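To start, the structure under review is shown below, and the notes come after it.
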Amino acid sequence: MQPAEPEQLRRSQLMMGTIIEIVAYGQDQNLLESAISAAFDEIARLEKRLSRYHEDSDVTRLSKSSTGGEVAPETAAVIALGLDVAKRSQGAFDMTLGRLKAVWGFDKEAPSVPDKNAITDALQGIGPQAISLDKNRVTKSSPQLMVDLGGVAKGYAVDQAIRVLKNHGITSGAVNAGGDMYLLGQHPERPWRIGIQHPRKQQGTVATVEIRDKAVVTSGDYERYFEQEGRRYHHIFDPATGMPARLCQSVTIIAESVALGDALATAVFVLGPQAGLKLLQHYPETEGLVIAADGTAYESPGWKGYRAKP
Ligand code: FAD
Ligand code: MG
């Protein structure tokens with residue numbers, strides 16, 4: 001006798017400044033309900049730890065401290081991964097851009113281009129060497145440094161939500177936090193098909209991939225930006241200049257974890273197509289699609305293996 005069609009449960013919430021959507025498949029509606037709400041609880045718990053918008057978070061405490069301090073194991077795990085990508089990307093990925101993000105005011109009503117001195121000042125002391133980690137102890141090289149995990153912590157939270165779904169026995173589902181997602185198992189009869197947002201055509205896609213048990217993460221200049229005198233200013237910064245990075249429109253990474261994909265998408269966005277795809281060679285099991293500033297698409301060698309069959 002044919003097993004009954006699995007039930008689908010889909011829920012979404014505004015968290016971490018973005019819409020988080022969780023979908024799960026299974027036979028038992030109550031189990032789906034409790035698994036999804038436990039996954040949202042886990043994201044809420046991590047948001048309190050990792051957010052620069054929360055007064056008591058590890059990130060805010062580190063930014064306020066003069067030399068650093070003890071952090072929770074999860075925060076240390078996120079910072080360890082971020083430091084690895086920061087070093088391998090020669091500082092293109094940088095978790096010490098908190099002051100720079102503040103002067104650009106992307107979380108304010110009306111962000112605007114800050115004056116040159118404010119940017120130069122905010123770049124003082126940043127870089128892969130600016131913070132170090134010894135077990136759960138973070139050390140800052142200068143008191144004014146502000147930590148910002150916006151380029152990696154959302155991905156980490158998605159990974160942990162997937163872990164909670166799995167612990168509830170869910171074998172088919174997905175967690176999507178504003179374009180940073182993990183696809184668990186099948187959907188349910190076939191691989192998940194994911195359309196990659198076209199960076200200039202709102203309704204368009206630049207590619208469609210078929211995926212199972214992987215992370216798909218996109219960073220783009222169309223997510224958080226404003227225009228001034230015909231120029232687009234977005235929230236992914238080149239630490240060398242303090243200005244929005246200009247070599248790409250969007251970067252999509254396929255990886256084992258969303259946290260790694262998140263950090264790599266931001267780093268490759270700053271490095272540009274050539275240096276960016278070269279960085280991916282350090283990370284086996286990762287593939288990338290880069291849409292350059294002129295709209296040209298560049299794929300890593302194994303990307304074609306994920307392209308959806310027509
Ligand atoms: P990504 O490309 O993945 O990351 C871009 C973000 O990374 C930038 O916003 C900046 O934070 C940081 N960044 C920029 N340049 C670099 C660089 N060169 N190297 C490393 N990092 C860089 N937003 C709100 O508006 N309100 C909130 O309350 C809020 N809470 C949050 C709580 C948490 C725990 C997290 C992780 C994020 C939260 N955010 C919030 C969203 C956050 O501000 C960013 O917009 C979001 O993380 C960007 O993710 P992305 O995938 O869109 O872009
Ligand atoms: Mg991201």
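Quick note: residue numbers are just sequence positions, from 1. Every number for a ligand or one of its atoms is a count from 1 in the order of the listing. For the numbers below, each heavy atom of this structure counts, side chains included, while hydrogens, waters and symmetry mates do not. The structure displayed is predicted, hence computed values, not measured ones.
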Aromatic ring proximity, centroids under 6.0 angstrom, Tyr225 and Phe106: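 Centroid distance Phe106-Tyr225: not below 6.0 Å, so no.
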
Atom-level proximity to ligand 1, residues with heavy atom under 4.0 Å: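 Within 4.0 Å of ligand 1, protein side: Met16, Gly17, Glu47, Leu50, Ser51, Tyr53, Ala92, Phe93, Asp94, Leu97, Lys101, Asp148, Gly150, Gly151, Ala153, Lys154, Asp180, Ser219, Glu223, Arg224, His235, Ile236, Phe237, Pro239, Asp262, Thr266, Val270.
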
Salt-bridge contact [X]-[Y] (side-chain N to carboxylate O under 4.0 Å):
X: Arg163; Y: Glu42; value: yes
X: Lys304; Y: Glu287; value: no
X: Arg11; Y: Glu21; value: no
X: Glu210; Y: Arg307; value: no
X: Arg88; Y: Asp84; value: yes
X: Arg61; Y: Asp58; value: yes
X: Asp221; Y: Arg246; value: no

Side chain His54, main chain Leu50, donor-acceptor under 3.5 Å: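 Answer holds: no.
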
Sum of protein N, O or S atoms, each under 2.8 Å from the Mg ion (ligand 2):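 For the Mg ion (ligand 2), the figure is 2.
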
